[in-house]
Amino acid sequence: MTAGLLTPRPAARSWSTPVGDISTTWSLSVYRASGTGDAHEYTTHRLSTAARVCEEYALESARPWVSRITLTEHVREVTRRALEHGEIPAGAAVPAGAPPRDAQACVRHYEVVGLHPVPLVLPDADAVREFLAELPTDERFVFRVVEVTVRDFTRVINPDDLPSLRA
């Protein structure tokens, strides 16, 4: 193992404290009047800024055949929690838990950080333990294991619910 590839564990931070990232994107679904209802025409790709959503909404609203536009907010919450080697869950895969009330998905995986320039992603705690068992004893503590939980939330919103366009 090359020493230059190792990522030292920062001393000033408590790695057992979960760290979360939240990202929000939006999509527009466009409908056309058809018989007694509306027919779905298409849905945009994910739009990453409120300004882009407003621009796209104005463009779609100007089309004479559009009968309805639905604005959907997509929120992804990623929580990372570094585990000490003794904190790796025992037994089979530990479920990420039921998604919170408005969440559509909740999944968990593990990352081994510090052995390679890119984290090794493992699907469950059993895979982490198998990986550890294959390492020479002197290499087992030169990296950290990070538990990653991803929750996806989706909800239909009104254009007035978009974040302010004023910076």
Side-chain angles (χ1 to χ4, degrees), residues 7 9-10 12-83 87-89 92-128 143-167:
T7 304
R9 174 183 257 167
R13 177 154 194 229
S14 169
W15 284 99
S16 61
T17 304
V19 176
D21 295 316
I22 296 176
S23 62
T24 303
T25 57
W26 298 270
S27 63
L28 297 173
S29 294
V30 178
Y31 297 82
R32 150 193 316 261
S34 175
T36 60
D38 292 328
H40 179 258
E41 280 293 317
Y42 60 88
T43 299
T44 64
H45 56 78
R46 301 283 173 93
L47 306 169
S48 60
T49 67
R52 183 70 180 114
V53 173
C54 291
E55 179 182 317
E56 192 74 27
Y57 195 91
L59 289 170
E60 301 304 339
S61 298
R63 297 174 191 241
W65 55 266
V66 172
S67 62
R68 178 168 60 103
I69 301 172
T70 303
L71 173 58
T72 305
E73 180 180 64
H74 307 273
V75 177
R76 172 161 280 185
E77 177 185 277
V78 180
T79 305
R80 290 177 167 75
R81 181 174 69 100
L83 302 174
E87 293 180 308
I88 299 169
V94 177
R101 191 175 58 110
D102 294 333
Q104 279 63 45
C106 189
V107 296
R108 176 174 290 138
H109 66 270
Y110 296 85
E111 295 177 355
V112 178
V113 181
L115 282 176
H116 305 287
V118 176
L120 173 66
V121 177
L122 299 168
D124 56 40
D126 284 342
V128 172
F143 60 90
R144 62 183 176 269
V145 176
V146 179
E147 175 186 76
V148 181
T149 303
V150 180
R151 292 191 243 184
D152 288 327
F153 301 84
T154 303
R155 68 184 180 121
V156 175
I157 64 170
N158 293 317
D160 296 338
D161 295 334
L162 285 169
S164 174
L165 298 179
R166 287 175 259 133

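Every value quoted in this text rests on a predicted model; they were computed, and no experiment measured them.
Between the OG1 atom of Thr44 and the CG atom of Leu59 there is a distance of 11.5 Å, given to the nearest 0.5 Å. Taking NE2 of His74 as the start and OG1 of Thr24 as the end, the distance is 10.5 Å to the nearest 0.5 Å. The CD atom of Glu77 lies 10.0 Å from the CG atom of Asp21; values are rounded to the nearest 0.5 Å. Once rounded to the nearest 0.5 Å, the distance linking OG1 of Thr79 with CZ of Arg151 reads 6.0 Å. With rounding to the nearest 0.5 angstrom, the CG atom of Leu28 is 9.5 Å from the NE2 atom of His45. For the atom pair CZ (Arg32) and NE2 (His40), the distance works out to 12.5 Å, reported to the nearest 0.5 Å.
Contact detail for Ser29 and Thr43: the closest heavy-atom pair is OG-OG1, 2.9 Å. Considering every non-hydrogen atom in both Glu87 and Ala82, the closest pair reads OE1-O, 4.0 Å. Shown here for Pro119 and Val113, the closest heavy-atom pair between the two residues is CB-CG2, 4.2 Å. Closest approach of Thr49 and Trp26 over heavy atoms only: C-CZ3, 3.8 Å. For Asp38 against Ser67, the heavy-atom pair with the smallest separation is OD1-OG, 2.9 Å. Tyr110 and Ala125 make their closest contact through CE1-N, 3.4 Å (heavy atoms, listed as atom of the first residue, atom of the second, distance).
Between the side chains of Arg108 and Thr149, a donor-acceptor pair is found at a separation under 3.5 Å.
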Problem - side-chain contact (heavy atoms from CB on, under 4.5 Å) evaluation trace for Arg80 with Glu111 - result: CA-CA 9 Å; Arg80 290 177 167 75; Glu111 295 177 355; 4.1 Å; yes
Practice task
Report the C-alpha distance between Trp65 and Val30 in whole Å, list the side-chain angles of each, state the deciding distance to 0.1 Å, and finish with yes or no for side-chain contact (heavy atoms from CB on, under 4.5 Å).
Solution key: CA-CA 10 Å; Trp65 55 266; Val30 178; 3.8 Å; yes
Exercise for the section: Please step through side-chain contact (heavy atoms from CB on, under 4.5 Å) for the pair Arg155 and Ile157, ending with a clear verdict. Expected result: CA-CA 6 Å; Arg155 68 184 180 121; Ile157 64 170; 3.6 Å; yes
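At a threshold of 4.5 Å between non-hydrogen side-chain atoms, the residues Thr70 and Arg68 count as touching. In this structure, the side chains of Asp161 and Glu73 stay at 4.5 Å or more apart for every pair of heavy atoms. Between Leu71 and Leu162 there is a side-chain heavy-atom pair separated by less than 4.5 Å.
The main-chain N or O of Asp160 is never found under 3.5 Å from a side-chain atom of Asn158 such that the two would form a donor-acceptor pair.
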